[in-house]
There are 2 protein chains.
Amino acid sequence: MLSDSQTSQPLPAKGSKLGPIEMEAIEMFINFFRLLGLPKSIGEIYGLLFVSPRPLTMDDLMHRLNISLGAASQGLKTLRSFGAVKAVYSPGERRDHFVADLELSRFASTFLKEQILPRIEQAGQRAERMEAALASLPDAERQVTRARINELRRWLDRGRSMLPVALKLLA
Amino acid sequence: MLSDSQTSQPLPAKGSKLGPIEMEAIEMFINFFRLLGLPKSIGEIYGLLFVSPRPLTMDDLMHRLNISLGAASQGLKTLRSFGAVKAVYSPGERRDHFVADLELSRFASTFLKEQILPRIEQAGQRAERMEAALASLPDAERQVTRARINELRRWLDRGRSMLPVALKLLA
DNA sequence: CACACAGTTCAATAAGAAATGAAATCCCGG
DNA sequence: CCGGGATTTCATTTCTTATTGAACTGTGTG
């Protein structure tokens, strides 16, 4: 919830396969991705890839992080889906190798475009429907409620107009 | 997860105590607050207060939303904690009455200050510790990893410097 | 001062989300 | 076109988080 600011320091030293730098990075990205509502395993994967000096295979991730095959596969899928991780070709190697994409801006903007914008649009449609439903309200309430809906519209417009600015700031 | 963009249309018509406008508002704010990692009940409460033409008591909320006493109390507590809802004095009434605070900017900035900023600071500390731990790395890796840590620092600085701008945009 | 009503807290439970792992699918090399 | 490793998928399990409801606290009134 909102009050849980300083959570999860420990992380119980899985198989002590992780050095201090890796641990810090992993914890950091667990926190960061949680802020976006993404599961822990995704933070772990990205964190490890972020500090890894060479590309890692799914197998590496599974073993060093003690996560399952499925979690590794799905986590990578999600991370690739918004460009936070990419597969690099490793000569003569069968397995895929993955690296963290360091261009924060790329996936921040994916996030804005795929998560925030659709919600604003959806909310806009709701506002329309609310407006339409105003008719069925007793006179006394209608005025007040109409004002609220307009307030809501103002927020949404503002949000809409801020998105491009935010995208520009990131780029 | 990230792919769940268009969730939760229905909302199973609890006791049909809610009109269409209220339903829309509630669903909208459930979505919105979920984006910030807050539970459904909080979205419900805020949504109902938002479109209510008069202040509501905890009792009103419990009955119209079919939520428990505890949920109403805690939800209101959280909402008040970041200024999204306030108690208004109702003359001669014993119970507290609550209204939605329509100043989005106020609680957006609370969110930035209480959620985002601390995380950036915490992350900064981690970066320091990572830097310190670099010494223990084999030469080959040290260079690469140092570069990553610096990249990280750049992100954090950028975030830090964007916060005041964001706050100004909202105000 | 005690009763009744309003509100808070918190342990127990229910609901929901993420992780697991086995089965299915996809390739690449022979 | 077969065999086998790599990856994906998804039903089940595990874990986390929200919700409930009952006990507790606080408070104003007769």
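Chain letters run A, B, ... following the sequence lines, proteins first, then strands; residues in each count from 1. Atoms considered below: every heavy atom in the structure, side chains included; atoms not considered: hydrogens, waters and symmetry mates.
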Against the side chain of Ala71(B), the closest entry in dT9(C), dT20(D), dT8(D) is dT20(D)

Does Arg154(A) pair with Glu151(A) as a salt bridge, N-O distance under 4.0 Å?
yes

Check ion pair Arg54(B)-Glu141(A) (N to O, under 4.0 angstrom): no

Query raised in the report: Does Ser41(A) make a side-chain N or O approach to OP1 or OP2 of dA19(C) shorter than 4.0 Å?
Result: yes

Open item on the list: On the nucleotide dC15(D), are OP1 or OP2 found under 4.0 Å from the side-chain N or O atoms that Lys40(A) carries?
Closed with: no

For side-chain contact (heavy atoms from CB on, under 4.5 Å), just list the numbers for Asp96(B) and Met58(B), CA-CA rounded to whole Å, side-chain angles, deciding distance to a tenth of an Å, and then say yes or no. CA-CA 7 Å; Asp96(B) 289 345; Met58(B) 234 171 73; over 6 Å; no

**Prompt:** Any salt bridge between Arg142(B) and Asp139(B), counting N to O under 4.0 Å?
**Reply:** yes

Does the plane of the ring in Phe29(B) sit parallel, tilted or perpendicular to the ring in Phe33(B)? Use 30° and 60° as the thresholds.
tilted

In whole angstroms, the gap separating C1' of dA6(C) from CD of Gln74(B) amounts to 16 Å

Residues of residues 87-98 of chain B with a heavy atom under 4.0 Å from any atom of DNA chain C, listed by number, are Arg94(B), Arg95(B), Asp96(B)

Sorted by position of nearest nucleotide on DNA chain C, 5' first, the leading residue of Gly70(A) and Gly70(B) is Gly70(B)

Examine distances only and state if a side-chain atom of Arg158(B) and a backbone atom of Leu170(A) form a donor-acceptor pair shorter than 3.5 Å. yes

Sorted by position of nearest nucleotide on DNA chain D, 5' first, the leading residue of Leu69(B) and Leu69(A) is Leu69(A)

Quiz item: Quick one: is Arg80(B) getting a side-chain N or O under 4.0 Å of the dT8(C) phosphate, OP1 or OP2?
Solution: yes

